[in-house]
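Note sheet for the following structure.
Worth knowing before you read on, the calculation uses all heavy atoms, side chains too, and leaves out hydrogens, waters and symmetry mates. For the single chain, residues carry numbers from 1 onward in sequence order.
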Amino acid sequence: LTVVEGLLEHESSLVREYINGILFSALNMKEVREKARETGLGESVSMLIEICPEDTAQQLQFCLDQLDSPASEIDPNVGDSEDEEEETVEDNPDALTMDLQL
């Protein structure tokens, strides 16, 4: 969490978008959410929302909402890329071949 928090203000918008996605997915785990609350990550994110570009602010607001939501409201499938990948291959058997060709 310390590394992620440090990168939330990175000068590159691509890095910030990537980090925001990582944070959102990580906050899906109860242990990470608890640690983030203990370390005051919510306050840091709230301050960043006020000063960052609108698109970044929206992403951070999603992370803040994830941090503040009770465990029962969190979708257990968010951030579970293995399931998504399996569904893609099952739905489209050629998807794996297409990915390998890239």
Side-chain angles (χ1 to χ4, degrees):
L1 282 174
T2 304
V3 173
V4 168
E5 188 173 1
L7 291 171
L8 287 173
E9 296 183 70
H10 195 277
E11 61 189 45
S12 169
S13 63
L14 294 175
V15 171
R16 287 192 311 267
E17 289 176 19
Y18 186 75
I19 292 299
N20 293 344
I22 290 171
L23 180 59
F24 182 82
S25 294
L27 290 172
N28 192 46
M29 295 179 275
K30 180 182 177 184
E31 301 82 17
V32 174
R33 245 187 350 272
E34 289 172 357
K35 186 68 173 174
R37 289 177 184 142
E38 288 173 16
T39 62
L41 182 66
E43 290 82 18
S44 298
V45 170
S46 293
M47 287 189 293
L48 280 174
I49 287 173
E50 294 179 22
I51 62 171
C52 66
E54 186 177 340
D55 59 333
T56 302
Q58 289 175 343
Q59 293 171 358
L60 289 173
Q61 186 61 54
F62 287 131
C63 292
L64 195 57
D65 293 345
Q66 181 85 335
L67 178 62
D68 293 337
S69 53
S72 61
E73 291 182 12
I74 295 178
D75 184 353
N77 295 319
V78 170
D80 193 358
S81 61
E82 289 183 25
D83 287 345
E84 291 172 12
E85 194 172 310
E86 289 174 7
E87 290 173 6
T88 302
V89 172
E90 289 171 4
D91 293 341
N92 183 0
D94 296 328
L96 184 59
T97 305
M98 291 186 293
D99 286 344
L100 293 174
Q101 291 173 350
L102 297 176

Could you state whether Leu14 and Leu8 fall into the same hydrophobic cluster, counting links through intermediate Ile, Leu, Val, Met, Phe, Trp or Tyr residues with side-chain heavy atoms under 4.5 angstrom apart?
no
If I take atom CG from residue Leu64 and atom CD from residue Gln66, how far apart are they, to the nearest 0.5 angstrom?
10.5 Å
Decide whether Gln59 and Asp55 meet the rule of one side-chain donor and one side-chain acceptor closer than 3.5 Å.
no
For Gly42, does its backbone N or O pair with a side-chain atom of Arg37 as donor and acceptor, under 3.5 Å?
no
Non-hydrogen atoms of Leu60 and Val45 that approach each other most closely:
O-CG1, 3.6 Å
Answer yes if Ile51 and Ile49 sit in the same cluster of Ile, Leu, Val, Met, Phe, Trp and Tyr residues linked by side chain heavy atoms under 4.5 Å apart, and no otherwise.
yes
Side-chain donor or acceptor of Arg16 paired with backbone N/O of Leu7 under 3.5 Å:
no
Side chain to side chain contact (heavy atoms under 4.5 Å, CB included) involving Val32 - partner list, sequence neighbours excluded
Leu1, Ala26, Leu27, Met29
Any chance you could measure Leu23, atom CG, to Leu67, atom CG, to the nearest 0.5 Å?
8.0 Å
In chain order, what residues pass the side chain to side chain contact (heavy atoms under 4.5 Å, CB included) check against Gln58, with sequence neighbours excluded?
Glu54
Interatomic distance, CD@Glu5 vs CG@Leu48, rounded to 0.5 Å, equals 8.0 Å
Please name all residues satisfying side chain to side chain contact (heavy atoms under 4.5 Å, CB included) with Thr39, sequence neighbours left out, ordered by chain then number.
Lys35, Leu41
In short, Asn28 meets Arg33 closest at the heavy-atom pair O-NH1, 3.3 Å
